[in-house]
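Notes follow the structure.
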Amino acid sequence: MKHTNMRLPFFYGWVVVAVTFVTMAIGVNARTAFSLFFPPIISEFGWERGVTAGAFSFGFVASGVVSPLIGRLMDRAGPRAVMEVGVVLMGGGLLLAPLTSAPWHLYVTIGVMVGAGSVCLGYSGQSLFLPNWFIRKRGFAIGIAFAGVGIGSVTLLPWVQHMIEQTGWRTACTAMGLLVLIVLAPINLLLRKRPEDMGLQPDGDAAPVPGAAKAVSNIVDPVWAGTEWTLKRAVATARFWWIALGYFCGLYIWYAVQVHQTKFLLDIGFSPGVAVWALGIVSLLGIPGQILLGHVSDRIGREWVWAISCAGFAICFAALMALKFSPSLWLIYLMVFTQGALGYGLTSIMGAVVFEIFQGRHQGSIFGTIMLAALAGGAAGPWVTGFLYDRTGDYTLAFGIAMIVSVLSALSIWQAAPRKVRVVAGRLHER
């Protein structure tokens, strides 16, 4: 595509949202599918739970190592390069995993390759460029794009589970690898980093006419917003560390529940059907949750929505703790609703918070580095939860700690205060 002003009947940003939607649907769920491969792999090889689950956590370590590199690659080469690298890594890892015969094979394929690939294809990679395309509708557009994860988990995960039951985990794993390569490699060539690269404006607005009245600025702190934020400068600010802590805690609680909830429900006597259903419905509820909370964040501010999502996780952990003492379906409904409809709202504002505070040429590197902290949280959550389970014989202490971490996450983003740098569209009139 040359840079002719090829006029589409709609804003090209929505093409970018659509590509992201499909990429997330497949890319993120290819990783989530690990929790479905987990039981058959354990029963086939008889390895310890900790060793096997370690491959997933090790994937986070791999993700952490590549995260800042992906930020730099995005700043230099743009989204197509990042996505295609992700497709090759993830597709390759899934195609090689069926050859596993020792634990380290699992660590290399599902851990390193799928883990590193999912950073490119997942929330981190997409958040590096998608916020460029929208300003007024930023939360809403990202919410829609990321809702692909939910659609994918409702369609792909049952299909993978069915294949595991019919033909074994190896076939299921190979099929996922082929799907990644065949579908995602071509569509990601449509991506562009920012609307200006195509002669467009964010949100599809008309180019400003010389002499026209200036649009209302969303900048609250002109000195901060006018600073050329390099990674070095950003790291020297308290805001950087508050976001890092908030994101660490956010992914800690997200993955602590995601990795352990299926096993926990089976342990306390629910059927595999209920356990798989619960995991699926969480993601299904995440679809309206992310879109709605993303949209709400454009109106009331990112911090409020982050706090709402963290409260969702806190209630979810409380419900899990209560389930052990009274295993009832209504508690499962509460746990699933608060986790999916509220908790998953975190993702639709992760990119927005960093862009509103550290916008500029180096925003990719800054976001990639902050995602190091987030991914460390994603690795710590499942590991600490499993470790405490092994030590105490149940999940009560682990879930209690996760509730405290939820509160800490909300407080941290409040301290980072994106509202004090750039105001969201819904709050412009109040200035």
Side-chain angles (χ1 to χ4, degrees), residues 24 27-28 31 54-77 79 81-83 85-86 89-90 107 111-131 142 146 229-256 258-259 302 306 310 346-347 349-384 405 408-409 411-413 415-416 418:
M24 296 284 280
V28 174
R31 181 174 200 166
F56 190 78
S57 291
F58 190 65
F60 272 104
V61 177
S63 311
V65 174
V66 296
S67 185
L69 303 177
I70 286 167
R72 294 186 64 169
L73 182 61
M74 182 67 75
D75 286 341
R76 290 181 183 174
V82 172
M83 295 305 145
V85 166
L89 282 170
M90 177 171 272
Y107 280 62
V112 176
M113 294 178 74
V114 175
S118 74
V119 183
C120 303
L121 300 176
Y123 297 100
S124 304
Q126 310 292 352
S127 298
L128 287 171
F129 71 98
L130 196 55
I142 296 173
F146 287 5
W229 288 109
T230 57
L231 179 58
K232 194 175 162 193
R233 280 201 186 120
V235 172
T237 65
R239 275 196 166 114
F240 177 92
W241 295 103
W242 281 118
I243 301 173
L245 178 62
Y247 285 16
F248 173 92
C249 295
L251 260 70
Y252 178 104
I253 52 184
W254 183 299
Y255 283 103
Q258 192 189 78
V259 172
R302 315 296 179 207
W306 190 274
C310 290
L346 291 183
T347 56
I349 47 180
M350 272 189 142
V353 168
V354 179
F355 274 46
E356 275 148 30
I357 293 177
F358 295 114
Q359 197 168 321
R361 284 186 316 162
H362 305 282
Q363 59 196 20
S365 306
I366 296 169
F367 185 82
T369 308
I370 285 178
M371 284 314 285
L372 260 177
L375 293 160
W383 184 81
V384 171
V405 175
L408 184 57
S409 184
L411 293 175
S412 303
I413 298 305
Q415 282 295 116

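- Residue F248 holds its CZ atom at 10.5 Å from OG of S409, rounded to the nearest 0.5 Å.
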**Report entry** Candidate pair F58 and V112, rule side-chain contact (heavy atoms from CB on, under 4.5 Å), full reasoning
**Finding:** CA-CA 7 Å; F58 190 65; V112 176; 3.5 Å; yes
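- Put simply, the side chain of Q258 reaches to within 4.5 Å of the side chain of Y255, judged on heavy atoms.
- The heavy-atom pair separating S127 from F146 by the smallest distance is OG-CZ, 3.5 Å.
- Going from atom CD1 of I413 over to atom CD of Q415 covers 10.5 Å, rounded to the nearest 0.5 Å.
- Between Y247 and W306, the ring-plane angle classifies as parallel under the 30° and 60° cut-offs.
- A search for side-chain contact (heavy atoms from CB on, under 4.5 Å) contacts involving W383 returns S57, F387, not counting sequence neighbours.
- Between P68 and L372, some side-chain heavy-atom pair lies under the 4.5 Å cut-off.
- Between L130 atom CG and M24 atom CE the span is 9.0 Å, to the nearest 0.5 Å.
- Expressed to the nearest 0.5 Å, how far CD1 of I357 lies from CH2 of W229 amounts to 10.0 Å.
- If you take CD1 on I366 and CD on Q359, they are separated by 11.0 Å, rounding to the nearest 0.5 Å.
- Pairing each heavy atom of S365 with each of R72, the nearest pair is OG-CG, 3.6 Å.
- Between the side chain of Q126 and the main chain of L121, a donor-acceptor pair closer than 3.5 Å is present.
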Report task. Could you give me the CA-CA distance, side-chain angles and deciding distance for L346 and C310, then say whether side-chain contact (heavy atoms from CB on, under 4.5 Å) is met? Result -> CA-CA 8 Å; L346 291 183; C310 290; 4.2 Å; yes
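- For residues 112-122, every residue pair satisfying the side-chain hydrogen bond (donor to acceptor under 3.5 Å, both in side chains) rule, not counting sequence neighbours, is listed here: R31-S118.
- Under the rule for a side-chain contact (heavy atoms from CB on, under 4.5 Å), the partners of L128 that lie at least two apart in sequence or sit in another chain are I70, M74, F367.
- S67 places no side-chain N or O within 3.5 Å of a backbone atom of T369 that could act as its donor or acceptor partner.
- R239 contributes a side-chain N or O that, together with a main-chain N or O of A416, makes up a donor-acceptor pair within less than 3.5 Å.
- Using a 4.5 Å cut-off on side-chain heavy atoms (C-beta onward), F129 and V82 make no contact.
- Rounding to the nearest 0.5 angstrom, the gap separating the CG atom in L408 from the CD1 atom in I253 is 9.5 Å.
- In terms of heavy-atom proximity, P418 sits nearest to R302 at CG-CB, 4.3 Å.
- The two atoms that bring F355 and P131 nearest to each other are CD2-CB, 3.4 Å, heavy atoms only.
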Query raised in the report: How far apart are the C-alpha atoms of H362 and T230, what are their side-chain angles, what is the distance that settles it, and do they pass the side-chain contact (heavy atoms from CB on, under 4.5 Å) test?
Result: CA-CA 6 Å; H362 305 282; T230 57; 3.9 Å; yes
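- When all heavy atoms of A116 and L89 are compared, the closest pair comes out as CB-CD1, 3.9 Å.
- In plain terms, the two heavy atoms of G378 and P382 that are nearest each other are O-CD, 2.8 Å.
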